[in-house]
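Below: the structure, in structure tokens.
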Amino acid sequence: MTSESNKSISLSPMELMLFFETMGLLLSSGITVEESLKIMKRDADKGKESGAIADLLKILPHTYELSVAMEKVERFPNYAVNMVRVSERSGNLEKGCASLAGFYKEEHQQGTQIRSAISNPFILVCIMAVVVAFLVNAILPIFSNIYRQIGANMESNNMVKAALAIGSGAMWVIFSVLILVILAFFYGKTKSGRNFFSNLAERSFFTRKFHMSRSMARFTSTFAMLLDSGDDLPIALALAGTVCRNQSIRERIDRCHKQVLSGNSLSDVLIESGLFNPTHVGMIKSGVRSGATPKVMKKLSDLYEEDAERILFGFVTLIEPLLISVLSVIIGVVLLCIMLPLIGILSSVG
């Protein structure tokens with residue numbers, strides 16, 4: 001049995017990449033799966049990966065199949081389990097591990113790009129929160145003292161009231177957004193959270209196109225790796241569909257899988273499914289006819305990935321100036337509402 005304290009902790013893409021890359025290298029040297037795990041356990045640092053290997057070593061002698069042990073450990077994604085199962089049955093476990101290492105390397109790189117793109121707007125929101133809080137709690141009291149010293153009641157002026165309301169309201173709104181973002185971050189670490197945000201990104205007007213491009217990039221990249229590893233076409237198509245998080249695309253892939261099993265041509269099935277743009281149809285036809293389907297799918301994966309990066313870059317370049325503009329407007333309006341009455345009072349005194 002797996003240790004209950006670690007059973008529900010899934011391995012990260014980086015940890016999965018290292019696990020399968022090391023496993024593939026050891027298997028290529030003629031070492032058995034169990035001996036490979038023992039070597040990996042001996043060399044691994046204490047952590048999730050070490051715990052997962054220890055759990056695999058406990059279960060493997062009773063199952064004799066790495067895929068079954070991985071499934072019982074419950075730390076490996078379904079795609080990894082299915083890929084290892086197919087590789088074991090076809091006698092290509094070494095190639096399967098190499099493909100999985102490549103897949104999770106791409107997953108890690110893509111995740112890093114997304115986190116980097118999200119971190120900049122988050123930092124800007126934090127700066128906005130600090131600046132507005134300083135404005136409300138430090139600057140406005142100074143002006144309040146100035147008004148009292150000249151014998152004016154600050155709170156009775158409508159513009160001053162508006163400044164206080166705008167400043168306080170903006171501060172609480174920004175802090176509320178920060179709290180929601182932090183809660184969403186931790187919720188996104190859970191399985192239900194990942195499913196929720198994936199479904200939200202798939203349906204949202206602002207993220208729908210990005211989600212579709214990312215899903216197609218994952219599908220075509222995985223399909224190319226599976227075909228390159230020598231997997232049968234129907235099995236490769238079915239496995240590649242499991243990594244796709246877009247429900248609409250996954251349903252089309254499932255239909256393609258059924259049609260390929262029925263004996264239909266891959267190029268006809270993929271084209272009729274509507275998965276690909278008309279501009280990509282010629283590439284698919286040429287690739288299937290020349291036997292270069294893996295290369296064509298890899299090229300399409302690069303194109304979809306570039307499209308996703310372009311959308312993400314466009315979002316970042318739009319959101320950052322927008323946040324700076326909002327902060328400037330808030331500070332400008334608050335200070336203007338505070339300064340105008342003071343200027344009026346000083347002018348009347350002069």
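Values below: all heavy atoms of this structure, side chains included; hydrogens, waters and symmetry mates excluded.
The main-chain N or O of L25 is found under 3.5 Å from a side-chain atom of S29 such that the two form a donor-acceptor pair. In this structure, T207 contributes its side chain and A201 its backbone to a donor-acceptor pair below 3.5 Å. Checking side-chain atoms of S301 against main-chain N and O of A217 turns up a donor-acceptor pair under 3.5 Å. Checking side-chain atoms of N92 against main-chain N and O of K95 turns up no donor-acceptor pair under 3.5 Å. In this structure, the side chain of R214 does not engage the main chain of A308 through any donor-acceptor pair within 3.5 Å. Checked by atom type and distance alone, the side chain of S262 never pairs as donor or acceptor with a backbone atom of N264 at under 3.5 Å. Judged by distance alone, the side chain of S273 and the main-chain N or O of L270 form a donor-acceptor pair under 3.5 Å. Side chain of E21 to main chain of A98: no donor-acceptor pair is present (N/O by atom type, distance under 3.5 Å, no hydrogens or angles). Between the N246 side chain and the S248 main chain, a donor and an acceptor come within less than 3.5 Å of each other.
Closest of all the heavy-atom pairs between M297 and A224 is CB-CB, 3.7 Å. Among all heavy-atom pairs drawn from P294 and L227, the shortest one is CG-CB, 3.7 Å. Shortest non-hydrogen contact noted between V132 and G167 is CG1-O, 3.6 Å. The two residues S221 and K298 make their nearest non-hydrogen contact at OG-NZ, 4.2 Å. In this structure, D307 and S213 approach most closely via the heavy-atom pair OD2-OG, 2.7 Å. In terms of heavy-atom proximity, P234 sits nearest to H257 at O-CD2, 3.1 Å.
Using cut-offs of 30° and 60° for the angle between ring planes, the F223 and F219 rings count as parallel. A parallel orientation is assigned to the rings of Y104 and F20, their planes being inclined by less than 30° (bins at 30° and 60°).
Between I39 and R42 there is a side-chain heavy-atom pair separated by less than 4.5 Å. The shortest side-chain heavy-atom distance between K285 and I271 falls under the 4.5 Å cut-off. Residues R245 and R218 have side chains in contact (heavy-atom distance under 4.5 Å, counting atoms from C-beta outward). Between S67 and E71 there is no side-chain heavy-atom pair separated by less than 4.5 Å. At a threshold of 4.5 Å between non-hydrogen side-chain atoms, the residues Y187 and F197 count as touching. The side-chain heavy atoms of L37 and K41, taken from C-beta on, include no pair separated by under 4.5 Å. Within the 4.5 Å cutoff, the side chain of S286 has no heavy atoms near those of the V296 side chain. Between T242 and N78 there is no side-chain heavy-atom pair separated by less than 4.5 Å.
Ionic pairing of K299 and E306 is not present here: no N-O contact between side-chain nitrogen and carboxylate oxygen is shorter than 4.0 angstrom.
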- Message: Assess the residue pair E35 and K38 against the criterion (salt bridge (charged side-chain N to carboxylate O under 4.0 Å, His left out)); give the C-alpha distance rounded to whole Å, side-chain angles, the decisive distance to 0.1 Å, and a yes or no.
- Response: CA-CA 5 Å; E35 288 301 319; K38 288 179 181 178; 3.7 Å; yes
- Evaluation steps, side chain to side chain contact (heavy atoms under 4.5 Å, CB included), between T22 and D43: CA-CA 11 Å; T22 307; D43 296 339; over 6 Å; no
- Evaluate the criterion side chain to side chain contact (heavy atoms under 4.5 Å, CB included) for residue pair Q247 and R250; output intermediate values, then yes/no. CA-CA 5 Å; Q247 183 65 30; R250 193 162 58 244; 2.4 Å; yes
- Would H108 and M17 satisfy side chain to side chain contact (heavy atoms under 4.5 Å, CB included), going step by step from the backbone distance to the final call? CA-CA 8 Å; H108 173 70; M17 180 198 75; 5.6 Å; no
- Show your reasoning for whether side chain to side chain contact (heavy atoms under 4.5 Å, CB included) applies to L300 and L303. CA-CA 5 Å; L300 289 174; L303 292 174; 4.2 Å; yes
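S12 and E15 are linked by a side-chain donor-acceptor pair at a separation below 3.5 angstrom, with hydrogens and angles left out of the test.
In this structure, V86 is not a member of the same hydrophobic cluster as L261, with clusters built from ILVMFWY side-chain heavy atoms closer than 4.5 Å. Linking Ile, Leu, Val, Met, Phe, Trp and Tyr residues whenever their side-chain heavy atoms come within less than 4.5 Å places L93 and L226 in a single cluster. When the side chains of ILVMFWY residues are joined at heavy-atom separations under 4.5 Å, either directly or via intervening members, L335 and I142 end up in a single hydrophobic cluster. V125 and L183 are members of different hydrophobic clusters when ILVMFWY side chains are connected at heavy-atom separations under 4.5 Å.
Considering NE2 of H280 and OG1 of T220, their distance stands at 9.5 Å, rounded to 0.5 Å. Atom-to-atom distance recorded for E94:CD and M23:CE is 12.0 Å, nearest 0.5 angstrom. One finds the CD atom of E251 at 10.5 Å from the SG atom of C244 (value rounded to the nearest 0.5 Å). To the nearest 0.5 Å, the span separating CG on L239 from CZ on R85 amounts to 10.0 Å. L135 CG to S168 OG: the interatomic distance, rounded to the nearest 0.5 Å, is 9.5 Å. Interatomic distance, R115 CZ to F185 CZ, rounded to the nearest 0.5 Å: 8.5 Å.
Heavy atoms of other residues, nucleotides or ligands lying less than 6.0 angstrom from CZ of F276 number more than 12.
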Show me the donor-acceptor pairs within less than 3.5 Å that the side chains of residues 317-331 make with the rest of the protein, sequence neighbours left out.
| from | atom 1 | to | atom 2 | distance (Å) |
| --- | --- | --- | --- | --- |
| T317 | OG1 | F313 | O | 2.9 |
| T317 | OG1 | G314 | O | 2.9 |
| S325 | OG | P321 | O | 2.7 |
| S328 | OG | I324 | O | 2.8 |

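Pairs of residues two or more places apart, or lying in two chains, that qualify as ring pair (Phe, Tyr, Trp, His ring centres under 6.0 Å) and include a residue from residues 50-103 are F19-F76, Y79-F103.
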